[in-house]
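Note that these values count all heavy atoms, side chains included, but never hydrogens, waters or copies made by symmetry. Atoms within each ligand, like the ligands themselves, are counted from 1 in listed order.
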Amino acid sequence: MSEPVILAIETSCDDTAASVLRGLDVLSNVISSQDIHDHYGGIVPELASREHVKGIAPIVQAALHEAKCTTADLDAIAVTYGPGLPGSLIVGSHFAKGLSMRLGIPIFPVHHIEAHMYSGHLEDPSLGFPAICLVVSGGHTSIVLLRSLSSYEVLGSTRDDAAGEAFDKVAKLVGLGYPGGPHVDRRAKLGDPEAIAFPRGLMHDGTYNFSFSGLKTSVRYYLRDHPDAPINDVCASVQRAIVDVLVSKTMKAAREHDVRAVVVAGGVSANSELRARMSAECAKRSIRSVAPRAAYCVDNAAMIGFLAAHRYREGHRPMDHSFTIAAHALRAVD
Ligand code: KG4
Ligand code: ZN
């Protein structure tokens with residue numbers, strides 16, 4: 001039997017994305033980011049869903065075109081069912097349900113964070129298991145032990161803000177644009193990371209949990225008391241504080257579970273200091289370190305299709321069309 005062709009759709013937040021896979025091979029991966037939010041300094045949910053409504057059909061067309069396919073070639077559809085913004089999730093899941101009904105093909109709802117977790121295996125299928133994945137995005141910060149493509153355990157998560165949220169909030173406090181992570185990353189290269197001692201939340205508490213809200217508050221007070229503080233030094237010191245905690249906890253998990261590979265996934269994995277430090281620490285211990293390419297790190301549909309393709313292969317029963325979107329948090333599955 002030839003490998004199934006799967007169309008995957010992802011609309012959980014502010015990116016409209018579609019991808020076509022043949023088996024586990026990605027034939028196309030199209031992402032359209034919504035610039036409209038930059039103007040407001042954050043995502044406006046109502047605008048996000050309207051932009052998805054406008055973008056979804058052309059993006060799906062573009063993904064099919066790039067993969068040299070038509071809808072007649074599709075064997076299944078995969079779609080993100082959550083977590084995310086309800087209005088955004090509804091657009092993608094309704095489009096996917098409609099198409100699957102029209103074509104009479106199965107539909108696989110996929111959990112957005114699970115898809116991020118396996119983006120290292122999408123990038124490099126030879127990675128193997130067990131592996132530790134640090135999922136760091138604007139909405140999530142978790143350390144996960146990956147046992148197989150269908151079994152994982154969440155070792156710890158943030159108790160308050162996500163790492164990306166911390167980058168975004170600090171960028172806003174120092175007057176940089178949205179999303180803040182790339183701005184802080186750029187300015188940090190020009191500053192002194194030792195200039196200001198910002199707090200490293202829960203650094204030595206022995207768990208795999210994180211806390212970044214204290215950092216944001218500390219930056220606010222610092223700026224109040226030092227209105228002329230060089231922004232580059234603030235950015236470099238904040239980034240160092242965030243990266244110190246992320247790297248130290250991830251490496252502790254890698255040692256404790258004796259894994260062969262560490263994956264950093266989600267939007268914050270684009271951070272240059274995080275990438276460099278994680279790969280240096282892994283190299284010291286002969287552990288493979290994988291940071292997937294940018295198009296697999298940001299919100300994308302290839303990672304959604306990858307998990308669906310695996311489930312299709314394993315003979316999982318596809319869902320009927322009655323599944324609903326969900327904004328629930330990540331939990332362990334076996
Ligand atoms: O995974 P993602 O694209 O969207 C979700 O949150 O699901 O992650 C976006 C987050 C934003 O908070 C953004 O500021 C952060 O990733 N980010 C970065 C960098 N690039 C993106 N944070 C730090 N350094 C970067 N270079
Ligand atoms: Zn995401």
> Does the side chain of H52 pick up a donor-acceptor pair with the side chain of T16 at under 3.5 Å?
Replying inline: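 Note: H52 and T16 side chains meet the donor-acceptor criterion.
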> side-chain contact (heavy atoms from CB on, under 4.5 Å) with K249: which of T207, D244, L134?
Replying inline: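 Answer after filtering T207, D244, L134: T207.
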For [atom], which protein heavy atom lies nearest, and how many Å away is it?
atom	result
atom 24 (N) of ligand 1	N271 ND2, 3.0 Å
atom 15 (C) of ligand 1	V268 CG2, 3.9 Å
atom 4 (O) of ligand 1	D299 OD2, 3.5 Å

>> Given G267, G181, G139, identify the one with the heavy atom nearest to atom 21 (C) of ligand 1.
In response: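 Comparing heavy atoms across G267, G181, G139, the nearest one to atom 21 (C) of ligand 1 lies in G267.
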>> Does anything in residues 216-240 form a ring-ring contact (aromatic ring centres under 6.0 Å, His included)? List the pairs, not counting sequence neighbours.
In response: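 Applying ring-ring contact (aromatic ring centres under 6.0 Å, His included) to every pair that reaches into residues 216-240, excluding sequence neighbours, yields F198-Y222, Y222-H226.
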> Are the aromatic rings of F306 and H121 close, with centres under 6.0 Å apart?
Replying inline: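 When the ring centroids of F306 and H121 are compared, they turn out to be at least 6.0 Å apart.
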Please check whether [X] reaches ligand 1 - meaning an N/O of the residue sits under 3.5 Å from an N/O of the ligand, judged on distance alone.
X	result
G138	yes
G266	no
S272	no
D168	yes

> Can you tell me if C13 has a non-hydrogen atom under 4.0 Å from ligand 1?
Replying inline: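 So C13 does not count as touching ligand 1.
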> Just wondering, do R255 and R285 contact through their side chains at under 4.5 Å, heavy atoms?
Replying inline: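 Yes. Closest side-chain heavy atoms under 4.5 Å.
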> Under 4.5 Å between any side-chain heavy atoms of H112 and L89, yes or no?
Replying inline: no
> Taking only heavy atoms of G164, which atoms of ligand 1 are found under 4.0 Å from at least one of them?
Replying inline: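 Close to G164: 12 (O).
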>> Would M203 and S248 count as a side-chain contact (heavy atoms from CB on, under 4.5 Å) here? Give the steps.
In response: CA-CA 8 Å; M203 177 90 156; S248 135; 4.0 Å; yes
> Under 2.8 Å from the Zn ion (ligand 2), which protein atoms of type N, O or S occur, listed by chain and number?
Replying inline: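 Short answer, with waters excluded from the count: H112 NE2, H116 NE2, D299 OD1.
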> ligand 1 versus D185, non-hydrogen atoms closer than 4.0 Å: side chain, backbone, both, neither?
Replying inline: side chain
>> Show every side chain to side chain donor-acceptor pair (under 3.5 Å) that has at least one partner inside residues 95-106, sequence neighbours left out.
In response: S100-H321
> Who else is in V263's hydrophobic cluster (ILVMFWY, side-chain heavy atoms under 4.5 Å, direct or via others)?
Replying inline: L127, V290
> Think K172 forms a cation-pi with Y178, using NZ or CZ under 6.0 Å from the six-ring centre and within 45 degrees of its axis?
Replying inline: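 Checked: cation-pi criterion not met.
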> Between E51 and K54, does at least one N-O distance fall below 4.0 Å, as a salt bridge requires?
Replying inline: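 Yes, this pair counts.
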